[in-house]
Structures are given as structure tokens and as C-alpha cells.
Amino acid sequence: VFRVSGWMDHPLTFAFNLMLFALLSFAQALFQWHEGRRTEARFWALHTAILLALLILSDSRSPIALTIFIMLAGLALDFPKIRKILVAVAGLVLIGLFAGAHWVSRDALGRWGEFFDLNIALEQRFDRIIFWKINWRLFLEHPWFGTGLTHYDDRLLDTYLQAGYTSLERKYNAHNIYLQTLADSGLWGGIGLVILLAAVGRLAFVVKRHFHHLA
């Protein structure tokens, strides 16, 4: 339903927000567990499970895979004694997924089957590669200040046409915050984004050090 209707503007926006809140809820569950508040920890774990179920229903592949990976990494950080078990389980799950992909039909796998269908060209399976390529080209044409926000759409369309993608139905923007910033704001915009992310990253380590909280 979410993939079809996109009632929150876009299914990926919905999935991204679910990913953030599922991870925050998961971190709070671990924090409460270590604080000895087991009832509260179970509540937050249930909350996390509901958010994770909704995330899986969104069928947005990257947020689902990334959320599960970060949760496993969080468990490994907070519970060193079970680290080897988690690594083994994760390895077995990956092996099972790749093995199962060869036995299950592509139709049954749906959008996930695109990962394994080698008969279709990579750009057709993952059209974001085209979006990335076009926006990287835009950045190379305007490396210092980018296209500017007011001219971005026009120059994006021109670049698609010049690159030979005239018949491509979805001539989208970068779908990647780093390439998008480089394309429309150039190197100076990219430096600003790096400073912003570095500041957020530093704050995260401060929170972890002072509160022993993985959020």
C-alpha cells in the first residue's frame, strides 16, 4: 500500500523516518535495560518491533537493510559477550538470503529480486545510477558554485538530453544528498555539508560519552 499510494509524499520519506525512529527507540530500549528498568525496556523493544514491521511494509530496500545492520551493530557494542554469536547469525542470514534468491522466482521476490537478476542491465535495475551519473556530470561542469538552485532543474534536463537519456521517463534529481549538494551548490556547498555532518557526528559522540546512550 505504501509503495503504491505514497501517502506521506513518498514511500522512501516514510521509510527514512521510520528508520530514524526505530533506531532511536531501539537505543532507548538498550539504555533502559542497562539502567535496570526492565519493564520500560520491554515497552521500548515492543515499540521498536512495531516500527520495524511498518518499515518492512514500506518495501524500501536500503532503509530496511541499513536499519537491521545498525541494530545488530548496536547489540554487538552494548553486549560484547554475544558479539561472536551476532556475527555468526548475521553471516548465516546473508548466506540464506543469497541461497534462497536462486531458488525463489523473481516475481515472488518483487523489488528485491532486482538485486539478483543479472539478465537485466545494472542501470535498468537501479535507475539511481543514472541519476548519480547525471548529477556528477553537472558538478563537473559547475565545480565551484554548482548550477544554483534557480537554474538546477533546467540544467538537469539539458544534461539528461545531452547524455542521451531522451527516452528515460524519470529524469530525477540525484536521490543522494552528497551529489545533490555538489550539483546545485558546488564544492563550497559540499564543504558546508561536510562541516554540518561533522558537527552532528561530534555531538553524537558527546551524547554517547556522557549518557552511555546509543541514540
Side-chain angles (χ1 to χ4, degrees), residues 1-117 120 125-128 131 170 172 175-177 197 200-201 203-204 207-208 211-215:
V1 174
F2 300 131
R3 293 298 318 178
V4 173
S5 65
W7 59 269
M8 192 177 168
D9 182 55
H10 192 285
L12 194 57
T13 306
F14 181 60
F16 181 70
N17 283 288
L18 281 171
M19 177 178 76
L20 291 178
F21 280 97
L23 291 173
L24 288 171
S25 180
F26 181 69
Q28 181 68 4
L30 294 179
F31 177 75
Q32 296 282 17
W33 184 269
H34 288 302
E35 291 291 304
R37 305 185 189 112
R38 301 300 164 86
T39 303
E40 289 88 346
R42 291 187 184 97
F43 168 79
W44 284 104
L46 175 62
H47 187 247
T48 303
I50 293 170
L51 290 169
L52 195 57
L54 285 170
L55 176 59
I56 291 170
L57 285 174
S58 78
D59 205 21
S60 294
R61 296 164 297 190
S62 297
I64 293 171
L66 188 59
T67 301
I68 293 171
F69 172 78
I70 294 174
M71 284 182 175
L72 289 173
L75 282 172
L77 282 171
D78 257 26
F79 299 96
K81 292 180 180 178
I82 63 170
R83 193 172 295 167
K84 290 181 180 178
I85 298 173
L86 288 171
V87 171
V89 169
L92 288 172
V93 168
L94 284 173
I95 292 170
L97 287 173
F98 280 103
H102 293 287
W103 293 96
V104 181
S105 69
R106 296 289 179 266
D107 292 335
L109 290 171
R111 297 176 69 248
W112 294 83
E114 294 176 359
F115 282 121
F116 309 100
D117 196 345
I120 302 175
R125 284 184 285 158
F126 307 106
D127 52 5
R128 281 184 177 82
F131 309 156
R170 302 195 295 177
Y172 283 176
H175 275 60
N176 177 302
I177 189 63
L197 293 177
V200 172
L203 179 61
V207 171
K208 179 68 172 69
F211 300 102
H212 304 288
H213 200 298
L214 281 176

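Residues take their numbers from the sequence shown, with the count starting at 1.
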**Q** Rounded at 0.5 Å granularity, tell me how far CG in Leu52 sits from CD1 in Ile68.
**A** 6.0 Å
**Q** Going by atom type alone, with no hydrogens or angles, which donor-acceptor pairs under 3.5 Å involve a side-chain atom of residues 76-94 and a protein atom two or more places apart or on another chain?
**A**
unit_1: Asp78; atom_1: OD2; unit_2: His34; atom_2: NE2; d: 3.1
unit_1: Arg83; atom_1: NE; unit_2: Ala76; atom_2: O; d: 3.0
unit_1: Arg83; atom_1: NH2; unit_2: Ala76; atom_2: O; d: 3.1

**Q** If you look at every heavy atom in Phe211 and Phe31, which pair is closest and at what distance?
**A** O-CE1, 3.3 Å
**Q** Calculate, to the nearest 0.5 Å, the distance between atoms OG and CZ belonging to Ser60 and Phe14 respectively.
**A** 9.0 Å
**Q** Are the side chains of Asn176 and Arg128 in touch, meaning some heavy atoms are under 4.5 Å apart?
**A** no
**Q** Using 0.5 Å steps for rounding, measure from the CG atom of Leu197 to the CD1 atom of Ile177.
**A** 8.5 Å
**Q** Could you pull out all residues at least two apart from Arg170 that satisfy salt bridge (charged side-chain N to carboxylate O under 4.0 Å, His left out)?
**A** Asp127
**Q** Under 3.5 Å, which donor-acceptor pairs link side chains of residues 38-48 to any protein atom two or more places apart or in another chain?
**A**
unit_1: Arg38; atom_1: NE; unit_2: Trp33; atom_2: O; d: 3.2
unit_1: His47; atom_1: ND1; unit_2: Ser25; atom_2: OG; d: 2.9
unit_1: Thr48; atom_1: OG1; unit_2: Ser25; atom_2: OG; d: 2.8
unit_1: Thr48; atom_1: OG1; unit_2: Phe26; atom_2: N; d: 3.2
unit_1: Thr48; atom_1: OG1; unit_2: Trp44; atom_2: O; d: 2.8

**Q** Which pair of non-hydrogen atoms, one from His213 and one from Lys208, has the smallest distance, and what is that distance?
**A** O-CD, 3.4 Å
**Q** Would you say the side chain of Leu55 lies within less than 4.5 Å of the side chain of Pro63, judging by non-hydrogen atoms?
**A** yes
**Q** Might you point out which heavy atoms bring Leu24 and Ala215 nearest each other, and give the distance in Å?
**A** CD2-CB, 3.8 Å
**Q** Considering only heavy atoms from C-beta outward, does the side chain of Met19 approach that of Ile64 to under 4.5 Å?
**A** no
**Q** Using every non-hydrogen atom in the two residues, find where Ser58 and Ala15 come nearest and quote the distance to one decimal.
**A** OG-CB, 3.4 Å
**Q** Could you measure the distance from the OG1 atom of Thr67 to the CG atom of Leu51? Nearest 0.5 Å is fine.
**A** 10.0 Å
